[in-house]
Amino acid sequence: MRLSSLFMPTRKEDPAEAEIASHKLLIRGGYIRMVARGIYNFLPLGQRSLRKIKTIIREEMDQAGAQEVLLPGVQPSDLWEESGRWEEYGPELLRFEDRKGGGFCLGPTHEEVITDMVRGEVNSYKQLPMNIYQIQTKFRDEPRPRFGILRAREFIMKDAYSFDVDEEAAADSYDEMFDAYSRICDRLGFDWRAVEADTGAIGGSRSHEFQVITDTGEDDLVSCPDCGYAANIEKADVPATSVDTVEPSDELELETVETPDQTTIDEVSDFLDVAPEQCIKTVIVLADDEPLAVLVRGDHEVNEIKVRDYLRDELDRDFTHLHLAGDQTVREVTGAPVGFAGPIGLDMPILADRAIQSITDGVVGANDANAHYTGIDWSRDLDVEAFADLREARGGDPCPECGESLETNQGIEVGHVFFLGTKYSEALGATIQDEHGQQRPMVMGCYGIGVTRILAAVAEQNHDDDGLIWPMPIAPFEVTILPLQMQSDEVVETAEQLYDDLQEAGVDVLLDDRDEGVGAKFKDADLIGIPLRIVVGTRGVDNGELEFKLRWEDEQTDVAIDEAADRAIEVVERER
RNA sequence: CGGGGUGUAGCGCAGCAUGGUAGCGCGCCUGCUUUGGGUGCAGGAGGUCCCCGGUUCGAAUCCGGGCACCCCGACCA
């Protein structure tokens with residue numbers, strides 16, 4: 001490709017709306033442009049890299065025995081009603097009607113459609129295992145899209161779905177996909193980690209996220225340096241051994257103290273001169289419309305997912321959504337403004353994190369504006385339905401596997417694999433007949449990887465002050481040739497010859513044949529991040545040499561003109 | 001959905017408290033110049049000042065309503 005005719009609008013200045021490096025550089029480098037909130041155009045450079053990402057994913061999926069299909073982006077509401085998710089999914093599902101008034105949605109994921117397709121065509125265990133994937137545009141009406149294509153509303157995803165005859169076979173499929181995802185992350189050159197994760201709206205019994213480690217990631221992770229345990233913080237267990245239960249003391253007296261305007265744990269602990277660890281945070285959550293109080297230690301955070309799971313799995317509560325109560329609700333159910341809620345005299349079920357049992361002489365809100373109680377004895381004063389692991393894990397907590405101290409990282413979730421079990425096959429009646437003539441639901445797994453998000457994640461992990469630094473496998477061009485003096489016939493001819501030779505050899509090569517100053521050529525080459533830069537200048541050509549420089553290295557090397565093509569091909573093939 | 005902010009040329013911004021026919025830098029076009037890190041000079045094109053309504057002789061500027069975008073939080077794969 002000749003740069004003079006490439007649609008590559010680069011910019012000198014950062015776009016006003018971008019915050020993080022990948023977003024700024026993808027816009028500045030002419031890879032993407034925003035059309036609407038969370039909706040983007042991919043320009044030629046962006047599209048070239050996306051195609052390479054898709055190719056890598058396809059190769060690994062095919063290798064793992066999956067078959068590619070293409071499902072529709074528009075899906076009928078019937079299927080979603082059948083699975084129960086038409087109610088369950090919430091406003092992220094963009095719904096609309098066709099001309100006849102029929103209900104439709106833009107597909108945020110494809111469990112319903114795929115299960116519907118398979119149930120009609122697969123009836124025998126002999127047809128299994130089966131693994132089907134597609135690469136397709138998804139739409140999720142996110143409340144807050146951010147960071148360019150890192151969290152977009154419309155995005156490209158590869159989603160695969162496995163169907164097996166039983167749990168054991170399904171576990172094999174899961175492992176196979178896990179391995180394929182690991183290979184994909186490696187080929188993309190990521191610094192990555194697979195972590196245990198919550199299954200969220202997709203459902204299923206276990207799942208792993210593939211997280212790319214960066215400081216700008218949206219997800220908090222914990223990992224054990226010793227045994228390799230790693231989990232999303234929303235999933236990580238806090239082992240019971242982390243709590244030193246203290247026995248009640250008879251000498252404590254419950255006292256009311258005035259705490260005017262002290263609404264946060266920090267303020268209260270400063271004001272009363274007690275450690276945050278001695279305070280008890282009372283958080284009101286709503287299970288659908290039913291209020292419920294959750295107690296955690298002042299320095300801890302409630303993990304809503306753990307609360308949700310505990311209510312469902314241990315207490316058999318039935319509800320659709322669990323969420324934090326708003327200010328208004330808190331005022332209504334506690335009789336006090338936010339910041340003064342406390343467990344004493346509260347008319348609702350109360351759950352407490354286990355760490356509460358390590359508190360003596362605790363402080364809680366008095367459900368009264370500007371007052372707290374001190375001298376709380378957990379066993380005497382708290383009427384708690386259950387103590388359980390309800391808080392978020394954090395760095396320094398003991399590893400649930402081996403007890404070592406956990407480390408923290410931030411990550412970008414580029415992939416997520418789910419062991420679904422029979423959630424969708426039962427709901428939609430996707431059954432097969434097994435070798436004993438028994439009808440049984442197929443056991444499913446689903447596996448998503450964010451194609452457009454990968455582009456942003458690679459950019460986030462590979463850049464410097466001058467621009468992007470693509471790893472060879474997904475660079476939009478592998479080599480860029482910079483003839484510095486366009487008025488020199490010798491320079492132009494040398495560059496053209498090399499360009500032809502590399503094209504011939506199947507290298508993705510970009511020739512900067514623009515009549516621009518050298519500064520502009522260098523700046524653009526750095527900005528768009530092409531791995532191998534070959535400079536053709538009068539200085540070198542006079543000596544029969546060209547300059548090779550890899551984008552991620554500081555030094556450049558001189559290469560004889562007649563060896564240049566071979567050397568370039570060598571470098572490209574080594575890095576691919 | 002709560003809190004905060006922004007909307008003026010393709011991009012980045014000034015002008016707005018004190019209303020008077022719209023400006024800077026980059027980019028773009030023409031010509032010359034320069035050629036190893038965004039050259040220099042000269043000339044030029046380009047704007048319903050987000051939209052609707054109001055006040056006023058007169059609105060980018062004041063008032064009301066709406067929309068869009070960004071940030072923090074809530075939520076979310």
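Only this structure's heavy atoms are used, side chains among them; waters, hydrogens and symmetry mates stay out. Letters A, B, ... are given to chains in the order of the sequence lines, protein chains preceding strands, and every chain is numbered from 1.
Remark on RNA chain B: of its neighbouring residues A:F147 and A:R140, the 5'-side contact belongs to A:F147, judged by nearest-heavy-atom nucleotide.
A:G90 comes within 4.0 angstrom of no nucleic acid atom, judged by non-hydrogen atoms across all strands. If you check every strand for non-hydrogen atoms under 4.0 Å, A:R37 touches sugar and phosphate atoms only. At the heavy-atom level, A:E218 lies nowhere under 4.0 Å from the strands shown. At the heavy-atom level, A:A525 lies nowhere under 4.0 Å from the strands shown. A:G537 comes within 4.0 angstrom of a nucleotide base, judged by non-hydrogen atoms across all strands. Contact annotation for A:D14: backbone-only contact, meaning every heavy-atom pair under 4.0 Å involves sugar-phosphate atoms and none involves a base.
Side-chain proximity of A:E17 to the nucleotides B:C70, B:A77, B:C75 is greatest for B:C70. Considering only the side chain of A:D526, B:G37 comes nearest among B:A74, B:G36, B:G37. Closest contact between the side chain of A:F522 and the listed nucleotides B:C69, B:A77, B:G36 involves B:G36. Listed candidates were B:G38, B:G36, B:A77. Nearest to the side chain of A:E547 is B:G36. Side-chain proximity of A:E19 to the nucleotides B:A77, B:C70, B:A74 is greatest for B:C70. Among B:C11, B:A77, B:C75, the nucleotide with an atom closest to any side-chain atom of A:E413 is B:A77. Distances were taken from every side-chain heavy atom of A:A520 (C-beta onward) to each of B:G38, B:C71, B:A77; the shortest belongs to B:G38. Distances were taken from every side-chain heavy atom of A:E13 (C-beta onward) to each of B:U35, B:G12, B:C70; the shortest belongs to B:G12. Considering only the side chain of A:K523, B:G38 comes nearest among B:G38, B:C75, B:C13. For A:E209, the side-chain atoms get nearest to B:A77 when compared with the rest of B:U35, B:C75, B:A77.
If you take atom C1' in B:U18 and the same atom in B:U61, they sit 10 Å apart, rounded to whole Å. B:C11 and B:G73: their P atoms are spaced 28 Å apart (whole Å). Only the P atoms considered, B:G27 is 12 Å distant from B:C41, to the nearest whole Å. B:A17 and B:U39 are spaced 39 Å apart, taking the P atom of each and rounding to whole Å. Taking atom C1' on both B:A60 and B:G20, the two are 13 Å apart, rounded to the nearest angstrom. Atom P of B:C71 sits at a distance of 28 Å from the matching atom of B:C52, rounded to the whole Å.
If you check B:G20 for Watson-Crick or wobble pairing at under 3.5 angstrom, you find it paired to B:C57. Of the nucleotides present, B:G10 is the one that pairs with B:C26 by Watson-Crick or G-U wobble criteria, both distances under 3.5 Å. Across all strands shown, nothing is found opposite B:U48 as a Watson-Crick or G-U wobble partner with both distances under 3.5 Å.
The distance from atom NE2 of A:H110 to atom OG1 of A:T115, rounded to the nearest 0.5 Å, is 11.5 Å. For the atom pair CZ of A:F418 and CE of A:M444, the computed distance is 12.0 Å after rounding to the nearest 0.5 Å.
Side-chain atoms of A:S49 come within 3.5 Å of backbone N or O of A:I474 as a donor-acceptor pair. The main-chain N or O of A:R391 is found under 3.5 Å from a side-chain atom of A:D353 such that the two form a donor-acceptor pair.
Judged by distance alone, the side chains of A:T214 and A:E460 never bring a donor and an acceptor atom under 3.5 Å apart.
Side chains of A:L484 and A:T538 form no contact here, defined as non-hydrogen atoms less than 4.5 Å apart.
Atom-to-atom, NZ of A:K521 to C1' of B:U39 comes out at 14 Å; the value is rounded to the nearest Å. Between the CG atom of A:D512 and the P atom of B:G37 there is a distance of 15 Å, rounded to whole Å. Rounding to whole angstrom units, CG of residue A:D515 and P of B:G31 are separated by 12 Å.
Between the side chain of A:R151 and the base of B:C76, a donor-acceptor pair under 3.5 Å is found. Judged by atom type and distance alone, A:R28 does not reach the base of B:G12 through any side-chain donor-acceptor pair under 3.5 Å. For B:A77, its base sits under 3.5 Å from the side chain of A:E142 at one donor and acceptor pair at least. Side-chain atoms of A:E516 stay outside donor-acceptor range of the base of B:G38, with no qualifying N/O pair under 3.5 Å.
Within 6.0 Å of atom CD in A:E553, more than 12 heavy atoms from other residues, nucleotides or ligands are found, so the atom counts as buried in its surroundings.
Between A:K12 and B:G27 there is a side-chain N or O to OP1 or OP2 distance below 4.0 Å.
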